[in-house]
Chemist: 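Here it is, the structure, as C-alpha cells.
Quick caveat, the model's predicted, so the values are computed rather than measured. In what follows, chains carry the letters A, B, and so on, assigned in the order in which the sequence lines appear, proteins first and then strands, with residues in each chain numbered from 1.
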There are 2 protein chains.
Amino acid sequence: MNILLIEDELRVADFVRRGLKAEGWVVEHAGDGETGLAIMQDRDFDVIILDLMLPGISGQQVCQKMRARANTTPVLMLTALDSTDERVAGLRVGADDYLPKPFDFDELIARIQALHRRMTGYGNEDSNGKYQHHGLIYDSAAMVLTVDGIVVDLSAKERELISILMASKNKALSRERILNSVWGTHEDPMTNVVDVYIGRLRKKLGPYGGLITTVRGAGYRFG
Amino acid sequence: MNILLIEDELRVADFVRRGLKAEGWVVEHAGDGETGLAIMQDRDFDVIILDLMLPGISGQQVCQKMRARANTTPVLMLTALDSTDERVAGLRVGADDYLPKPFDFDELIARIQALHRRMTGYGNEDSNGKYQHHGLIYDSAAMVLTVDGIVVDLSAKERELISILMASKNKALSRERILNSVWGTHEDPMTNVVDVYIGRLRKKLGPYGGLITTVRGAGYRFG
DNA sequence: AAGACCATGAACATCCTATTGATTGAAGAC
DNA sequence: GTCTTCAATCAATAGGATGTTCATGGTCTT
C-alpha cells in the first residue's frame, strides 16, 4: 500500500509515518499542499492522508484541486476540530473520509484499509494490495513476490522498492523520489544505493527483470 | 475463539474485553462501525458482538453491510433498550441474537457459546473456530492444538498467538500488531517477547514450525 | 572518441533475529 | 503464610541477513 501523507506538523507526520511503515506500507510525506499536489502527479497512491490545516493552501483546496485534475485517489482528512461543519465542508470538496485529531492509531489504520477497500471495490478481497503484471505478482499484504508462481524472497528495501515501482506503472521515477520514498532521506545525492537495489531487483525478477527500464538521465520506470 | 467487539463506550468495552479474555478468548476491539467493518475483512472471527448505538454508522447498518458482503459470522447485538422493536429490527438486518444492556456477564458468555454452537451445528463445521493447515489443527473452542493427531499443550499466550496467526493466514503481521493483539499494549517496542513466543510456538509445532515465516524487517507470516 | 551515465561485484559495516538462561510474578497446594 | 511450580518476561549474545559504499568496466550520447 502506497500512502501520501500531507501534514505540516513534523511530530505528527513522523508518528504517522513510523506507524504506517510498521504496517509494511510505503509512506511519502509532503510538508505542505503545493508539494503534495506536485508529488501526486508523479506517482499513484492508494490513499492520501490530508491534514486540513496547512501552511499555504489549505487541505480543502488541495482536495479540490486534485479532484479538478480528475484524481480519484481516496482522501482521508485529518482535522484538529471535531466540528460537523468542517466535516461537511471536507466531504463537499471531495474527501472520502474524515478523522478528528487526536486519533487512535488502530483506527487510522482501519480507516485507511476501509477507504482503500471501498475505492477498489470490495467483494474481490483477493485483489487487495496485489500488484500484478503478467506472471509477476507482488502481494503487499503477505509481503510476498511471486515470479511465475515461484515465491522469491525480498528484503525490506527491495519490497518497498518494487511496491512503489509497480504502483507507479509506466511512470518514470527519479532516483531522488525513490530515495526519499524508500530510504526516507532528502539529502545525500551522491549515493548509488538506488542503482544497486534496482540491479538486485532485476536479478530477482528473473525473466521480468527487463520490465524495469532505465530512463537515462531521469531514473527508472516499471512496466 | 476469536471475537470482534464493536462498542464505543470504553468502559463497557474494557469490561467485556477483560472478561472474555479471562475465558481464554481472543478479543479484538473496534470503537466504531467503520473500524469494525474494516477489521472484519482482515480476519475471520467466530462471533461478533455489536453495540447498536455507535458513533457514525449504526450497529444495524454495520450488520446490514457485513451481510451484504456475504459475511455469515454470527452477530450478537447489544442494546441499551429492551424494546421489542429494536430487537425485531436487529434480527431483520441479520443479527443472530440479542442482549439488552445492562447484562449479566455469565449470560453474555452463555449466549456467545450458544451462538457459536448453533452456527457450527449446521453448515461448515470445519471453518468455525477450527483452523486447519494440513496436519496442523487448532481448535480454538477446545483450546487444543493438534499436530499430526497428537495434542500439544500451549500456554495462554501461545494460544492467542497461534490463533491470530492462523486467522491471518498469508498475511504478514508486524510485531506491533501482534503485541497489540495478544499483549494488548501499545507502547514498549523495545521488548522481544513476540520473538521469544514465536520461537516457542515453532518448536511446539514440530514439523510445521516452518509455516511461521519470518518477514525480515517487517514481522511474521503464517501459511 | 570523450564524457556522462549506468551496471555490477565484492567488501565491509550494520542491523535483525533466534536462542538461551536468568529473573520475576502469579496461582495453587500444603 | 509459605512453598512450589510454571508461565511470562527480560537481557545478552552469536550468527546471519541486509544495507551501503566503492571501484571497475560497460553503454549510451553527442
Chemist: Is any side-chain N or O of B:Tyr197 closer than 4.0 Å to OP1 or OP2 of C:dT19?
Modeler: no
Chemist: Any side-chain N or O of B:Thr214 below 4.0 angstrom from OP1/OP2 of C:dA18?
Modeler: yes
Chemist: Mapping A:Ser155 and A:Asn192 onto DNA chain D by nearest heavy atom, which one lands closer to the 5' end?
Modeler: A:Ser155
Chemist: Between D:dT9, D:dA8, D:dG19, spot the one nearest the side chain of B:Ala156, thanks.
Modeler: D:dA8
Chemist: Contact class for A:Arg200 (heavy atom, under 4.0 Å): base, sugar-phosphate, or nothing?
Modeler: base
Chemist: If you round to the nearest 0.5 Å, how far is OH of B:Tyr208 from CG of B:Leu201?
Modeler: 15.5 Å
Chemist: Rounded to whole Å, please give me the gap between OH in A:Tyr220 and C1' in C:dT8.
Modeler: 11 Å
Chemist: For D:dT9, does OP1 or OP2 lie under 4.0 Å from any side-chain N or O of B:Trp183?
Modeler: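 Answer yes for this pair, as a side-chain N or O of B:Trp183 is under 4.0 Å from OP1 or OP2.
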Chemist: Quick one: B:Leu161 CG to D:dA8 P, roughly how many Å, whole number?
Modeler: 11 Å
Chemist: CG/B:Leu211 to OH/B:Tyr220 distance, rounded to the nearest 0.5 angstrom?
Modeler: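 Between atom CG of B:Leu211 and atom OH of B:Tyr220 there are 15.5 Å.
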Chemist: Is B:Glu7 salt-bridged to B:Arg17, going by a charged N under 4.0 Å from an acidic O?
Modeler: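 No, no charged N to carboxylate O under 4.0 Å.
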Chemist: Measuring from A:His133:NE2 to A:Leu205:CG, what's the distance to the nearest 0.5 Å?
Modeler: 11.5 Å
Chemist: Distance check needed: C:dT17 C1' versus B:Ile178 CD1, whole Å only.
Modeler: 14 Å
Chemist: Take the protein atom CG of A:Asp153 and the nucleotide atom C1' of D:dG19, then report the distance between them rounded to whole Å.
Modeler: 17 Å
Chemist: Give the rounded distance in Å between these two atoms: CG of B:Asp195 and C1' of D:dT9.
Modeler: 13 Å
Chemist: Nearest heavy atom decides the nucleotide; on that basis, is B:Arg216 or B:Gly199 closer to the 5' end of DNA chain C?
Modeler: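 Final value for this comparison: B:Arg216.
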Chemist: For A:Leu201 and C:dA7, what is the distance between atoms CG and C1' respectively, to the nearest whole Å?
Modeler: 14 Å
Chemist: Quick test of your reading of the model: are B:Arg175 and B:Asp195 salt-bridged, counting only N-O distances below 4.0 Å?
Modeler: yes
Chemist: C:dA18 phosphate, OP1 or OP2: any side-chain N/O from B:Lys203 under 4.0 angstrom?
Modeler: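 Indeed not, no polar side-chain atom of B:Lys203 lies that close.
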Chemist: How many whole angstroms separate atom CZ of A:Arg175 from atom P of C:dA4?
Modeler: 16 Å
Chemist: In whole Å, what is the span from the CD1 atom of A:Ile198 to the P atom of C:dG9?
Modeler: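 In whole Å, C:dG9 P lies 16 Å from A:Ile198 CD1.
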